[in-house]
Amino acid sequence: MMSKTFYITTPIYYVNDKPHVGTGLTTLIADAVSRFQRAQGKTVFFLTGTDENAPKVAAAAQKAGKDPQAFVDEMASVFERYWQTLNIRYDIFMRTTRTDHKRAVQRVFQQLLAKGDVYAGEYEGWYCISCETFWTGAKVEEERLCLNAECRKPLEHRKEHSYFLRLSAYADRLRDYIQANPSFIEPETRRNEVLSFIAEGLQDVAISRLEANWGTPVPGEDNMVIYVWFDALINYLTATGWGENGVADPILWPPDLQLMGKDILPRFHATIWPATLMALELPLPKQLFGHGWWLFKGEKISKSKTPGGLADPLLIVRELSADAQCEERFAVDALRYYMLREMPTQSDTNFSVEALEARYNADLANDLGNLLHRTLSMTHRYLEGQVTNAELEPEIAAVFQKAVRETAAAFHETQFPAGLQTAWEIIRAVNHYYDSRAPWNLAKQGDLAGVGQTLYAGLEASRILSIILSPVMPSVCEAIAGQLNLPYETRWSEAEKLNGLPVGHALNQPTPVFPRLQPKAEAPAAPEKKPPQEVKPMDEMISIDEFKKIKIRVARVTAAEPHPNANKLLKLTVSLGDETRTIVAGIAESHTPDQLVGRQVLILANLQPATLRGVVSEGMLLAADIDGKAILLSPETEVPDGTGVR
RNA sequence: GGCGGUGUAGCUCAGUGGUCAGAGCAUCCGGUUCAUACCCGGGGGGUCGGCGGUUCAAAUCCGCCCGCCGCUACCA
């Protein structure tokens, strides 16, 4: 029987935006793991792809004036181009618009329906069209805004016939499984998060949506499609050909490693997904790995705050390549190295061009590149470019072997920062060794045998590095092998061997792979670049008539007290002259009650009342928002309470 | 607020009871010159977030507090 293939996946990405450094990181980790596993002799099946069945996609296509299928085709190819440029070698680019996928999803649906793990019911609740999610809870009832912090759009009340996945029935099994198999969810902090998420109680999830035009139709229903997340998760299964007969291919199934950002782990990959597999009586993935996020200057990457160029891997590569005068494919490898050397695992990590450049110079130009270059230069200068001695001193050989072993152990655990750090021990050891042996002095003394023996350490180090670094920097490693006049070798077992360069082997002339980055001349007080003003499309504008519907009035705070049942809210009593109202405001973190009494403030007066933690609020306090901190607005001079604002 | 993390040199981080607490980068000094102004050595720089406790011995275990992060829950 054939041995099990190493099956590794990234999430399939939403096609409504091009890749950024976040999706780039997940995909890069997957590529490096794939290359490493291949180097270990495994057959690898590496899946990435695009999630195309979201109703939002159809809407975006319509807006762009395109046919939805043409639109997703275009976006899918944008992703494929990105991955090609970053030298990502996947085996399958999965797309959920594939008919075999859709058929297989329907098969899952029918199978679970027959078993009772999917049941028909009625869904009533608040729905975010943009996020394609129903939200529940007191907060939603009150504010009717999407709970997704990035979205916060108004929700729509929907009551619809729906199908549910009986997730609640799997909560105990899931919890037990996770506890019995700690390596199922890594790293540990994610595992704890998932366990507490489950402990809070898993609700059955609606897995159908009313929608006729785009998505995977629910079997036997008109105008109903499968919920896009449920549809998307199943891609990992349908990509293996499961849909053909409903039997999992034992060569491929289950996945060995499923990578993703931490945000989509608890709610989807660690609950809905394994519960679905349990319901299908299929083995669960061996491991779900949720890495942390890249931050920009300590803040979460976001479309509004992060300058576009910083988040686009291709622009970063292009700029580095231009600044350093290195080939673009090597700049790609430099970015790959940086991302994996500093990859966020437990917590989030800052991403910065400065840090990338620091790694480039210190690790790649000064260490890796320079070691190869000085070694080859001396070989040509003293030994006519030939290997004259193929015997490593035992001490240095031991260092190499230990580093190769430890690097492999770290890569096996997806610990690239540790693995790369260990690999660099080899470089450090050779630089030390050169310093103690001073082959340039040996040459002056005519001890060419000594020179040959010393330089052999650098040659072997370069050969070994060209193998063990190739999961991370494939193009660079190929170039190193080329300068050593060796065929490009990626098999790890060849790195474990010593003395791989025979006496008499002729080396090629060295060329710097990573030319050193020169410190940028201080830009002569470049004027602060203003981001181009975004032109608001007309549909975000409102008419004067719409504005006239909004009644803003001046009110005086006559009393203020903490909300009896909430710690971020204050309960205010305000006077509008002829009328007194109670207003609940979320300003307890920025204001104390006594700071407010007597003040004039602006309120939105014709807002529907809402109950907030048991207190009816009859209006909304207006305030400027500085990172969530409220700065209250007041009239320029005292005016009669209740004065209207226009 | 609840739950889970985290806080160690200017920066990024190792270090889960036991020599004066470590590495890389940065910085300063020295050496070297084969090499991409590179490499090698050395120095400076830390009350290991704070306060208590356990112990012969704590960055490491326990308790409380503070800061930051994540999930979650009331910022109309």
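A note on names: the letters A, B, ... follow the listed sequences, proteins ahead of strands, and every chain is numbered from 1.
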Using side chain to side chain donor-acceptor pair (under 3.5 Å) as the criterion, list what pairs up with S475(A), not counting sequence neighbours.
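N87(A).
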**OP:** Using both distances under 3.5 Å as the test, list the Watson-Crick or G-U wobble partner of C68(B), or none.
**Re:**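 Paired with G5(B).
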Exercise for review: Applying side chain to side chain donor-acceptor pair (under 3.5 Å) between K262(A) and each of D348(A), T345(A), T189(A), report the one that passes.
Suggested key: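 The single option meeting the side chain to side chain donor-acceptor pair (under 3.5 Å) with K262(A) is D348(A).
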- May I have the step-by-step check of side chain to side chain contact (heavy atoms under 4.5 Å, CB included) for V399(A) and E395(A), ending in yes or no? CA-CA 7 Å; V399(A) 171; E395(A) 282 165 26; 6.0 Å; no
Could you measure between the two C1' atoms, the one in G15(B) and the one in C29(B), and give it in whole Å?
->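 One C1' to the other, the span is 29 Å.
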Rounding to an integer number of angstrom, what distance separates G41(B) and G46(B) when you compare their P atoms?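 It comes out at 23 Å once rounded to the nearest Å.
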- With E425(A) via salt bridge (Lys or Arg N to Asp or Glu O under 4.0 Å) - residues at least two apart: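 E425(A) satisfies salt bridge (Lys or Arg N to Asp or Glu O under 4.0 Å) with no residue once adjacent residues are dropped.
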Check your understanding: How long is the line joining CZ of R359(A) and P of C25(B), in whole Å?
Key ->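 My rounded result for the distance is 9 Å.
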Protein-nucleotide distance (R341(A), atom CZ; U12(B), atom C1'), rounded to Å: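 Checked: the CZ to C1' distance equals 8 Å.
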Practice problem: Can you sort out which residues in residues 417-442 of chain A have a heavy atom within less than 4.0 Å of RNA chain B? Ascending by number, please. | Solution: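 Within this stretch, R428(A), N431(A), H432(A), D435(A), W440(A) sit under 4.0 Å of the strand.
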Nucleotide by nucleotide, nucleotides 3-8 of chain B touches protein heavy atoms under 4.0 Å in the pattern (B base, S sugar-phosphate only, - none) SSS---
Check the phosphate of C39(B) against N366(A), side-chain N and O only, distance under 4.0 Å to OP1 or OP2. Yes or no?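 For C39(B), OP1/OP2 do have a side-chain N/O of N366(A) under 4.0 Å.
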Worksheet item: Hey, does the side chain of R516(A) come within less than 4.0 Å of C38(B)'s phosphate (OP1/OP2), counting only N and O?
Response: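 R516(A) to C38(B) OP1/OP2: side-chain N or O found under 4.0 Å.
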Quick one: label [X] by what it contacts on the DNA or RNA (base, sugar-phosphate, nothing), any heavy atom closer than 4.0 Å.
X	answer
D367(A)	sugar-phosphate
V194(A)	nothing
A358(A)	nothing

Q) In terms of the nearest nucleotide of RNA chain B, which residue is placed more toward the 5' end: D348(A) or G369(A)? A)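 With D348(A) and G369(A) compared, the 5'-side residue is G369(A).
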Q) What pairs of residues pass the ring-ring contact (aromatic ring centres under 6.0 Å, His included) test when at least one of them lies in residues 177-205 of chain A, not counting sequence neighbours? A)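 Listed once each, the pairs are Y177(A)-F184(A).
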Any ring-ring contact (aromatic ring centres under 6.0 Å, His included) pairs touching residues 405-447 of chain A, not counting sequence neighbours?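 Sorted pair list: F36(A)-F411(A), F36(A)-H412(A), Y337(A)-W424(A), F411(A)-F416(A).
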Consider only side-chain N and O atoms of R374(A) and N431(A), and report whether a donor and an acceptor are under 3.5 Å apart.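 R374(A) vs N431(A): donor-acceptor pair found between side chains.
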Q203(A) CD: over 12 foreign heavy atoms closer than 6.0 Å: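 Atom CD in Q203(A) is not crowded, with 12 or fewer foreign heavy atoms closer than 6.0 Å.
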